[in-house]
Engineer: 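Okay, here's the structure, questions in a sec.
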Amino acid sequence: MRDLIKRAAALHGRVFGGPPSDGVSVLMYHRVVGDLALELDLPFETFREQMAWLSERGGVVPYAEAVSLLVVGPPPTTMKYAITFDDAYEDFYTRALPVLREFRLPATLFVPTRFMDEPGHIPLSRKPADAEQKIRPMSWDQLREVAADPLITIGAHTHNHPELVSLSDAQIADEMRIAAERFQKELGFVPEHFAYPRGIWDARVRDAITPHCASACTTNGQIATPRNSTRYAIPRVPIRRSDGMRWFEDRVQGRLNGEEQVVRMAKRALGRNVGY
């Protein structure tokens, strides 16, 4: 079914639209192992091929630069790309990082601090039966090494990785404060940039996190442009296992936006969580 949706969305995108010249495709990754039956877990070989494509294509910028282009300006005049990862899974250190270094590609890693402290606190809304055997976080020692690499920027992702819309303003402030304290203690700094857990947010959540960070990103699947981006709502494009390389170019150039909309509508109709 998803393949059919992709076909229809790609055809519509190719006929009626194309990548905006002033856009930034902010790619969102999670795991790159491929041993879990999850859309957010890409086979490593696919991930490496995607990074090679981005390297050859050019235009990859650090996430912080992407935010500046989108909300401060001047906007980009050609399509740009930014690479982000959520959750600090161990395979970022063992698999993704060597590839990013090989191709000299900058990336931002959004870290939920409790997962680092308690490996059993897996930041997934739907956990496969074998998740606890296969999913591990990076260690703080590994994260310190990563944070020292000029290619990598560390971002915040709360402490507990909750759906922030379900929390009070005081609870949201606690999430941001505890994460900041853990970062300060372990890394010696507090990250400037933030990603909403599971991409779920509203105006109240945005206002609650604003004093604690310089920007925040979502997961709505759209190519970010100066017209659809604000400092605390930078769109990101989830890269899915089912994309492979076949659909990757369409995905990162915005031709599969229709697929995201259809899938979200279907999930809402079925009463399922629309986040990640």
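The structure displayed is predicted, hence computed values, not measured ones.
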Engineer: Establish, from distance only, whether the side-chain atoms of D87 and Y89 form a donor-acceptor pair under 3.5 Å.
Structural biologist: yes
Engineer: Check the hydrophobic clustering (I, L, V, M, F, W, Y; side-chain heavy atoms under 4.5 Å; chains of links allowed) and say if V67 and I152 are grouped together.
Structural biologist: no
Engineer: Specify the closest pair of heavy atoms between R95 and F44, including all atoms of both residues, with the distance to one decimal.
Structural biologist: O-CE1, 3.5 Å
Engineer: So, for G23 and T225, which heavy atoms are closest and what is the spacing to 0.1 Å?
Structural biologist: CA-CG2, 4.1 Å
Engineer: Please check if the number of heavy atoms outside Q171 that lie under 6.0 Å from its CD is greater than 12.
Structural biologist: yes
Engineer: Can we call the ring centroids of Y63 and H193 under 6.0 Å apart?
Structural biologist: yes
Engineer: Check whether any side-chain N or O of D169 sits under 3.5 Å from a backbone N or O of A208 as a donor-acceptor pair, and report yes or no.
Structural biologist: no
Engineer: Using a strict threshold of under 4.0 Å (side-chain N to carboxylate O), is an ion pair present between D207 and R204?
Structural biologist: no
Engineer: Under the criterion salt bridge (Lys or Arg N to Asp or Glu O under 4.0 Å), I'd like the reasoning laid out for D117 against R114: C-alpha separation, chi angles, the key distance, then a yes or no.
Structural biologist: CA-CA 5 Å; D117 293 332; R114 184 177 174 186; over 6 Å; no
Engineer: Do the non-hydrogen side-chain atoms of Q50 and T46 ever get within less than 4.5 Å of each other?
Structural biologist: yes
Engineer: Determine the interplanar angle of the F92 and F85 rings, folded into 0 to 90°, and report it as parallel if under 30°, tilted if 30 to 60°, perpendicular if over 60°.
Structural biologist: perpendicular
Engineer: Report the distance from atom OG1 of T210 to atom OH of Y232, rounding to the nearest 0.5 Å.
Structural biologist: 5.0 Å
Engineer: Between R240 and W247, is there a side-chain heavy-atom distance shorter than 4.5 Å?
Structural biologist: no
Engineer: Counting distance only, does the side-chain N/O of H121 pair as donor-acceptor with the main-chain N or O of N160 below 3.5 Å?
Structural biologist: yes
Engineer: Can you say whether the rings of Y196 and F194 are parallel (under 30°), tilted (30 to 60°) or perpendicular (over 60°)?
Structural biologist: perpendicular
Engineer: Check F183 against V190 and note the closest heavy-atom contact, atom names and distance.
Structural biologist: CB-CA, 4.3 Å
Engineer: Could you tell me whether a side-chain N or O of E65 sits under 3.5 Å from a main-chain N or O of P62, the two making a donor and an acceptor?
Structural biologist: no
Engineer: Do the side chains of Y93 and W140 join up, straight or via other hydrophobic residues, at under 4.5 Å, putting them in one cluster?
Structural biologist: yes
Engineer: Check this for me, if you would: do K185 and E181 make a salt bridge, where the nitrogen-to-carboxylate-oxygen distance has to be below 4.0 angstrom?
Structural biologist: no
Engineer: For the side-chain contact (heavy atoms from CB on, under 4.5 Å) test, which of V24, D86, I223, L27 pairs with R236?
Structural biologist: D86
Engineer: So does E249 have more than 12 non-hydrogen atoms from other groups sitting under 6.0 Å from CD?
Structural biologist: yes
Engineer: Say you draw a straight line from CD1 of I83 to CG of L109; how long is it, rounded to the nearest 0.5 Å?
Structural biologist: 12.5 Å
Engineer: CG of L36 to CD of Q133: how many Å apart, nearest 0.5 Å?
Structural biologist: 10.0 Å
Engineer: Would R101 and D149 count as a side chain to side chain contact (heavy atoms under 4.5 Å, CB included) if you check the C-alpha gap in whole Å, the side-chain angles of each, and the deciding distance to 0.1 Å?
Structural biologist: CA-CA 9 Å; R101 286 170 170 168; D149 191 314; 2.7 Å; yes
Engineer: Decide yes or no for H161 and R198: does some side-chain heavy atom of the first lie under 4.5 Å from some side-chain heavy atom of the second?
Structural biologist: yes
Engineer: Does the side chain of L167 reach to within under 4.5 Å of the side chain of D174, using non-hydrogen atoms?
Structural biologist: no
Engineer: Quick one: does any side-chain atom of D91 pair with a main-chain N or O of T94 as donor and acceptor, under 3.5 Å?
Structural biologist: no
Engineer: Look at the aromatic rings of F110 and H157 and report parallel, tilted or perpendicular, splitting at 30° and 60°.
Structural biologist: tilted
Engineer: Could you give the distance from CG (L164) to CG (D202), rounded to the nearest 0.5 Å?
Structural biologist: 9.0 Å
Engineer: If we ignore angles and hydrogens, is there a donor and acceptor under 3.5 Å between the side chains of S25 and Q253?
Structural biologist: no
Engineer: I want to check something: taking the side chain as every heavy atom from C-beta on, are V60 and P106 in contact at a cut-off of under 4.5 Å?
Structural biologist: yes
Engineer: Quick check: closest heavy atoms across R136 and F115, and the distance to 0.1 Å?
Structural biologist: C-CZ, 3.8 Å
Engineer: Treating Ile, Leu, Val, Met, Phe, Trp and Tyr as nodes and any side-chain heavy-atom pair under 4.5 angstrom as an edge, say whether L100 and M138 lie in one connected cluster.
Structural biologist: yes
Engineer: Taking side chain as C-beta onward, heavy atoms only, is M245 less than 4.5 Å from W53?
Structural biologist: yes
Engineer: Same cluster or not: are I154 and I178 linked, directly or through other Ile, Leu, Val, Met, Phe, Trp or Tyr residues, by side-chain heavy atoms under 4.5 angstrom apart?
Structural biologist: no
Engineer: Within a strict 4.5 Å, meaning less than it, do heavy atoms of the P226 and L70 side chains meet?
Structural biologist: yes
Engineer: Within the 4.5 Å heavy-atom criterion, are D22 and R227 side-chain neighbours or not?
Structural biologist: yes
Engineer: So which heavy atom on G34 is nearest to which on R241, and how close?
Structural biologist: O-NH2, 3.1 Å
Engineer: Would you name the heavy atoms of D41 and D35 that are closest together and state the gap between them?
Structural biologist: OD2-N, 3.1 Å
Engineer: Verify the cluster assignment for L151 and L143: are they in a single hydrophobic cluster under the rule of side-chain heavy atoms below 4.5 Å apart?
Structural biologist: yes
Engineer: Supply the atom-to-atom distance I234 CD1 to N228 CG, rounded to the nearest 0.5 angstrom.
Structural biologist: 8.5 Å
Engineer: Answer yes or no: is there an ion pair linking R48 with E102, defined by an N-O contact shorter than 4.0 Å?
Structural biologist: yes
Engineer: What do the steps show when you test I172 against E175 for side chain to side chain contact (heavy atoms under 4.5 Å, CB included), and what is the final call?
Structural biologist: CA-CA 5 Å; I172 294 171; E175 283 289 334; 5.5 Å; no
Engineer: Nearest 0.5 angstrom please: L124 CG to R31 CZ, how far?
Structural biologist: 8.5 Å
